[in-house]
Structure formats: C-alpha cells, structure tokens
Colleague: 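Okay, handing you the structure first.
Just so you know, these numbers use all the heavy atoms, side chains as well, and skip hydrogens, waters and symmetry mates. Just so it is clear: chains get the letters A, B, ... in the order the sequence lines come, proteins before strands, and each one is counted from 1.
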Amino acid sequence: MIPELGHFSLILALGLSVALAVLPALGVYRRDALLMQTGPSIATGLFVLLAFSFGCLMYSFIQDDFSVAYVANNSNSALPLQYKISAVWGAHEGSFLLWTLIASGWTLAVAAFSRGLTFDMKARVLSVLGLLCAGFASFLLFTSNPFDRNLPFHPADGGDLNPLLQDFGLIVHPPMLYMGYVGFAVPFALAIATLTTGRLDAAWARWSRPWTNAAWAFLTVGITLGSWWAYYELGWGGWWFWDAVENASFMPWLMGIALIHSLAASEKRGVFKSWTVLLAISTFSLSLLGAFLVRSGVLTSVHAFAVDPTRGIFILMFLVLVIGGSLTLYAWKASGIKSEAQFEWNSREAMLLINNLLLVVATASVLLGTLYPLLYEVITDGKKISVGPPYFNRVFVPIVCLLFIAMAVSPFSRWRRTSGDVLLRQHWPFLLATPVIICLVTYVVATGIDVIAIGVETLAVWILVLLARHWWQAGSISSASQLGMMLAHAGIAVAILGVIVTITYSEGRDVRMNPGESIALAGYDITFEGVQKVRGPNYLADQAEFNVTRDGEFVAKLRPEKRVYSVGQNVMTEADMDPGLMRDVYVALGEKVGDTAWAVRVHVKPFVRWIWLGGLLVALGGFVTLLDKRYRRVRGLVSNNVVGTAA
Amino acid sequence: MVRILWVILLAVSFNCFAAIDAYPFPDEQLQQRYDGLIAELRCPQCLNTNLAGSDAMIAQDLRREVHRMLLDGHTDDEILAFMYERYGDFILYRPRLGAGTLVLWLGPLLLLMFAGFVWFRLARAKPEVLEINTEEQARLDDLLRDSDP
Amino acid sequence: MTFNKSLLIPLGVFGLLVVFLALGFRLQDPHLLPSVLIDKPFPEFELQDLRQPDQLRTLADLSGEVSLVNVWATWCPNCLIEHPELLRISRETDLPLYGVNYNDDNGKALGWLARHENPYEFSIVDDKGTLAIDLGVYGAPETFVLDASGVIRFRHVGPVTPEVWRETLLPVVEQLQGMSDG
C-alpha cells in the first residue's frame, strides 16, 4: 500500500509542478496579481507531496519490502539500518527522486525567502522552477519509477547494496552534490526570468548572489566528501581520478566559481551583465549535462548508473528543451544589453575577467577530455580511445597555476584601477623571504627540492599570510560577504597546498610481508603482526594488524581488512590509516601470497588532509556570505508589492 | 539470457579494485617507472580503472608483463607501444598525439590563446579618460577605497 | 536593436554537442572493446598441445583454411554456456575449431574436456596468458575467425550462442570461404 501511496503522491506532484509552471506565468501574461501569487502555495504543496513520496520509499526500505523492485535490487535484510536508509539514493531511481525532492525544496525556499523580488519576477522565477520540476517528475514517472513492484514473484531477500556504498560517504556525498547541482537552477531561473523581462539590471545580480553562493557551497562539500570517500574506500591512496562522473560534478563547480565572481562584478560595477546571464545558464546546463552523462550509459565509468538508453533519450530531449530553449532566449533577448562601465587592465574588473576566462577554458578543457572518447567513437564508427589522468593533469594544472597566481594578486587590485605598487612596497621582505624559508624547510624535512612545488607552496603561503594579516587588522573586514570571500580564498590556498605537497612528497610501496616483518618508509617503521578472521554484520573478513612506530615510539595500530560480503560474494578492500594533519599513514591489504606472506600496500602521504580541510573551508566561506546583513529583512524597504511591467 | 551475461560481466568486473602485487625491482628508478606505467595503462576489462587499481585477471597478467619488460631493459615507449599494438588506443590513458587527437591536445591551448586575446581586447581598450584635478582625484581615491569590496 | 549574431554561438555549440550525444546512443556497448588485430596476422607462438604435451603447436598449424580459434578456460562460466554450440559447429560444419586454453590448469582442462566433450582439433596451453595478451584478449570466452592465410578477420567477445553463430560468425566465415574458393 505504501509504495502505491508514494507513487500516487509522485503523480500528484507532477500535476502540481505543471500548475506551478503555468499559473504564475499566466498571471504575468495577464497582469493578474492573484494568479501571480499562487506560486508560493503551489510550491509548498509540491514539496510536501514529494517529501511524502520520498518518505514512502524510505519506509519501504526500512520495512524490507522486497516486492518493490528498487528495494529488492539495492537492499537486504541483513543490511545495517543506516545503510538501508541511505540505499534509498544508492541507485538511479531513488537518487533521482531525491534530486527532484531537492529541486522542490529549493523552489520552496525561493518562494519563502525572496522578499526583495517583485511579484512579477517572483512569479516568473517560480514558473521556470516549476517547469524544471515537472521535467524531473516526468522523467521519474515515465522512465525511472522507484515504486515499480515485481509482483507476483518477488524475492525473499534483496540483492544487497553494493558493498562500496555501505559507508558513511554514501549517506552524505550524494545529497550534498544534488543540493549543489539543483541549487544552480535558482540563478538559472532568475536569469531566464530576467531575460523574459528584457531588462537586465543590477537587481538580478544581487538577487542571484546568495542562491548561487549557497548552491556552490553545497557542491563544494559534495565534491570534497566524494574525494575523501574515494581515498579511504577504494584502497589505492588516490583521491581524484578524472573519472567522467567526477568531472560531471567538477565542471558545474568550476563554472559556478566564474558565476560567483561575475555576479559580484555585475552587481557592483554593472559590467559583464549579459555574460553573467550566459554563465548562469551554462552552470545549470552543466549540472543537467552531468546528470545525463551519469545516467544515460553513454560514458563508461566506475560509478555511472546502470545503462538504459530510454532514459538517456529522455534526458537528452530534456536537455534540448531546457538548454536549447534558454540559449535561444538568450540569443534573442540579450542583444540589446550592453555593459556601460569600462575598466583598466590592472583593475579588479580585469582580474575578474581573467578569472572568468581561465575558468571557462578550464571547464571547456575538462568537457573536451570527458566527451572526447565518445566523439571519437562516433566519428570513427567504433574505435575506442581513452582520455585519462595524464591528459587532464597536463591540461588542467597549468590553467590552475595561472588562476592561483591571479588569486594571489587580485586582493591588491581596486575597482577600475589598481594600487598594486602598495603590495610590493609594503610587503617585499615577506614576499622574498617566503620561498627561501620554504626551500630550507623542504631541504630539512623532505627528500628533494622540486622547483614547481616550491613555487606553488610559496604562492599558497603568500595568499594565506596576507589574508590572515588582513583579518587581524581590526575593523578592516566590512561585511560577511568579505569574510566569506576571504575564507573561501584561504580554503583554496589550503587545498592547493595540500595537493602539491601530497603529490610531490608522498611515498608508497607495494611489498610482500610475512608476519613479524617490518618495512621502513618516510621515517616510520611499519611492522606486520599477523592476520585474523573477523565477522561483520554482513561480511566475513581477513583483518591484518600493523604496528606503526617512529624512532621506536608507538604511533598507531592499523587494521586493514579484506572483506567478503555474504550476499553476492563481493570482495572489498578496507584500507586503514592513521590520519593526521601533517600526514596520513595508510595501509591496505592485498592477496595472500604463498603460505604466510601477504601483499601489502603502504603509503605515507603528507598534508593530504589539507585538501579536504581546504575544501570544507571553502564551503564555509560560501555559507558565511549568506549571513551578510543585506540579505536579511531590511525594515522600511519599499516596493515588495509592485506589479512590475512585463516585457 | 542476455541478463545472465551482464550479471556475469559485472560480477567479473567487481574485481576491478585495489590490486596489490609485490613485484620486486632492483632499483628505485625502475620501481618508479613501473608505478608510472601501470598508472598510465588502462585495464581492458574494467569500467574505468588503471592497471594499478585493478584486480582483474588481465590486469594482473599485464602488470606482470610490464614488470618483465622493465627488467628486460625496454624503454617506457617500447612498453606502451607493446600494449598499443595489442589493445589499441583504449589502453593508453594518455592519448597519443596524432591526426585523431589534434583537437584534443591543441584545443585547450588554442582556447587559452583565444582567452588571452579576448582579455587583451577588453581590458586594454583605452577607456575615456576624464579630466579631473588632483583634489577631485584624491576624493575619488578615498571613495573607492572605502567602498571595497 | 541590432541582432548580435555572436550570441548564437553558445546555441550552435550546444546543438553540435547534442548531435554527438544523440549519435552516442547508436554506439555499441561500452563494455565491449573492438579488436585492433583485425586484418593482422595471427601472432606467432610456440606452445604445448593440451592433449599431447610433447608436441609444440605453432602458427603453421592454424593455417591452410578458414578456421575458428576459441579462447576458453575451465574457470569461465560463459565457456560452458557456449560449449554445446561449439560442439554443434565442430560436428555439423567442416570448419576447423582450435582452442586456446587460457590461464588454466592442464589437469582441470583435460577433465573438463572429458566431461563435456572436445570440439577442438587441438587446444593450445596458454597457462601464462601470453598468447592471449598478444591477441588482445581481455576476458574469456573470445572467438577469432581466421582466413586461409592465418590472418585475423573477426573477433567475437562473449559466448557463441546459436544466434551469434547465425547472424555474426557464419556470414563472415562464408564470405571468407567464398573468397578463398574463388
């Protein structure tokens, strides 16, 4: 009964989303205030229905209702409760229901928190969001219904959740990602709404900024968590593979950075207005494209969802309608918009332009590399080619270096012109001392001097110290926006510092060890004590014990496992690590070799945690900007009740 | 029938994770070359993993071959060519530079150059310089400083 | 209001992208790899014969007429699935069928053939998988069609079912046989 209720609720939600798409828009067209104001109530109903539907699916999982095909495919009675719950979004149908629910959540938030918007704009924005929700709900109902039953012959027990997903990472990573992906629909809807009015003023940029920052912050958390999860779960010590699905999240993130900066420029200086609209459309388009890549089966990836061309075709048609439609609208309506202000080459506008251009080039390069195998196969009628980390690193890293340099220099540029000489005059001793100190430290602590590493580390330290100095100068942080910006920039510097140190100075070995043997790595002694069998809730494992010491002093006991899950007999490697701010000591267990020896992988990875701490700091910065007082209710502000003139 | 095949294919490809062999090398340089090569070669059977990260049978065999060829004194290029002759472009994560991949390799560079061109056009366009005296300039500077960011 | 044509560029780029993505649906399954050895000679080898361990087999033993080379193993479930069809092909046609026993144990392989019957003229012992690597094999079973001069003309990955034989392999074989006759 419950699954049917959930299904029915979903159908009603589709109906409401169509109403949301149509009624407020009709109100705008007819200048009917009453119709225009139906948006918020419809949005509330839509959210409630989808939440109920989602709740029904979750209930089916918790109750082990294996007559529902999706539950049978992704769960098992022996699955621990928290994974039964997170299994709801462990595969395509359920995760897309979550996506749709989140879309309605953002829609409701826009309806509730947009006091600065005129009724007219609000109606247009909610209409666009309603259209998107209708598309998502249709996709679910027509191609990916999570409530399909497999009666009358349903299995006695489920096929189990993929062991890789039986992890904390699954509980948080996808929801955060979807909050980000779908959140970009809000600046998208604002951009579309603005285009339809034919007026492009600074107000659009001001309204969009908090929503964009919030969505981007969520996406940052999602990507950071994904990288961290891959690191400790997959057992080879890596944290980014330029896999198609990773790139699908990375591209909207990069474009989102450009959008955030461009919106700032548009709001303050009136520059790049038409370009910012295009960015808003592109960022959300990349979110949709990412969904397409992951769910259509067109690209191979370790964690793409199962192949189904019907779904792929549906999503593609949706892309054509949404992206094609919005780009057509852009071409048509953006013609008359010109930016007024002009700026000099060393001004803040010019820096923002560099930021945007470099980010677009970076995003385009990642897109090219991700899609190239597909393009190649289509053009050559079947020949396969691979584009992997060597390509992406070679292409992306130089662009990031340029961006990093720009980020280091930019705080010293002013709007319109720069007072950059101040930078050099005031700080030159510090600027010169930094690389020298880093060289000395590296020489003492590490194995060799790497010029590029020194360079990047120097930049990172410059950025961090100068930001810290600015913070400590009392009274010079004027707003939450500025604080958020500084935190985000600091986070980027921290993350890049982590990346460069860990890439340059990590040490690792694959060795054959017998119990009692020990190896030395990066100053640590790692001794293999032995292996014993342990039993988990739904698996049986070989658990090894390793003693890690440094100069004779105890550091940690590590217990990596090799698990065999009872359902499906999947074999999983669970690495164990001693996490630390300055380094991780990481051990993974391989196969048994011979009678007593085991293959073992040992890594010492300095500064690797800085990558994710930096990521979280960036996200914090994004969220902090939302606290800015100008987004809070300002008393005495006129004109919430103006029925604006439609285009 | 087809369903069974997919189940089996997928079941087999579940080996495509964390593989650890212990191949001894006489010196550090060969070890590093080995690590680099198995990171750059793709497992033919897996969905998207390199030889380093895969437990699949073919990945184990290919790692053994890379190890053997390194000990035999082959260069990295020779080893990559060996793999290419048997498995094609698919097995190379670094695409070879050729007619088919010109767009791939040159594209980002051309885009970057184009971006630089755009920047120069936009940022260096001479703006109108209004004439103001030094007092007004000082006031203007003060105002701009206060209005940041 | 003059219409700025450069604003159509994003739409154009997107349109191009959609075309490619749509064409992407017609591509074959991403799990299947096309062979790069088509129209190349079968690799040289010198390996033991499975049933006659003293005898070494080489490329010369495979040449002379259009033939099938099947890569199989006892650990491979799909090999068992395709086995009846291979038996039928070896009985009902005069197409020679050669086996490559891949990464296997001789004892187990001989037992397997005894239990399930042997469709092969002979099987080659590839216990290190080196011939398989030279053939670009990435999983068993795989079946190669060779022409009379020992050149690989076709590869099928996966079990040879009656449909696969009828619709995929037989046409290739007949075409090659037609060419070598005429």
Colleague: Heavy-atom cut-off 4.5 Å, strictly under: side chain, backbone, both or neither for K128(C) against chain B?
Modeller: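 K128(C) touches chain B through backbone and side-chain heavy atoms alike.
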Colleague: Is the closest side-chain heavy-atom distance between L62(B) and Y138(C) below 4.5 Å?
Modeller: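 In short, these two side chains do not touch, never coming nearer than 4.5 Å.
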Colleague: Within 45 degrees of the ring normal and closer than 6.0 Å to the centroid, is that where the cationic atom of R57(C) sits relative to F122(C)?
Modeller: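 Here R57(C) passes the 6.0 Å and 45° test against F122(C).
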Colleague: Contact part of E85(B) toward chain C, heavy-atom cut-off under 4.5 Å: side chain, backbone, both or neither?
Modeller: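 Contact with chain C involves the backbone of E85(B) alone.
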Colleague: Could you walk me through whether D104(C) and T74(C) pass the side-chain hydrogen bond (donor to acceptor under 3.5 Å, both in side chains) check?
Modeller: CA-CA 7 Å; D104(C) 214 343; T74(C) 58; 2.8 Å; yes
Colleague: Which bit of I133(C) comes within less than 4.5 Å of chain B, counting heavy atoms only: side chain, backbone, both or neither?
Modeller: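 Both backbone and side chain of I133(C) come within 4.5 Å of chain B.
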Colleague: Answer yes if the side chains of N78(C) and E82(C) hold a donor-acceptor pair under 3.5 Å, and no otherwise.
Modeller: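 No - no donor-acceptor pair under 3.5 Å links their side chains.
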Colleague: Could you walk me through whether Y93(B) and N48(B) pass the side-chain hydrogen bond (donor to acceptor under 3.5 Å, both in side chains) test, one step at a time?
Modeller: CA-CA 10 Å; Y93(B) 265 134; N48(B) 189 20; 2.6 Å; yes
Colleague: When you compare the side chain of L113(C) with that of W72(C), does any pair of heavy atoms fall below 4.5 Å?
Modeller: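 SC-SC contact between W72(C) and L113(C) confirmed.
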Colleague: Sort by residue number and list every member of residues 73-84 of chain B having a non-hydrogen atom under 4.5 Å from chain C.
Modeller: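 Listed by number: F82(B), Y84(B).
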Colleague: For the candidates L135(C), V137(C), T130(C), which exhibits the highest count of non-hydrogen atom pairs separated by less than 4.5 Å from chain B?
Modeller: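 Of the options given, most contacts go to V137(C).
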Colleague: For R33(B), is there an ion pair with E28(B) - N to carboxylate O distance below 4.0 angstrom?
Modeller: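 The answer is no: the pair does not qualify as a salt bridge.
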Colleague: Could you check whether atom CZ of R51(C) has more than 12 heavy atoms from other residues, nucleotides or ligands sitting under 6.0 Å from it?
Modeller: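 Open.
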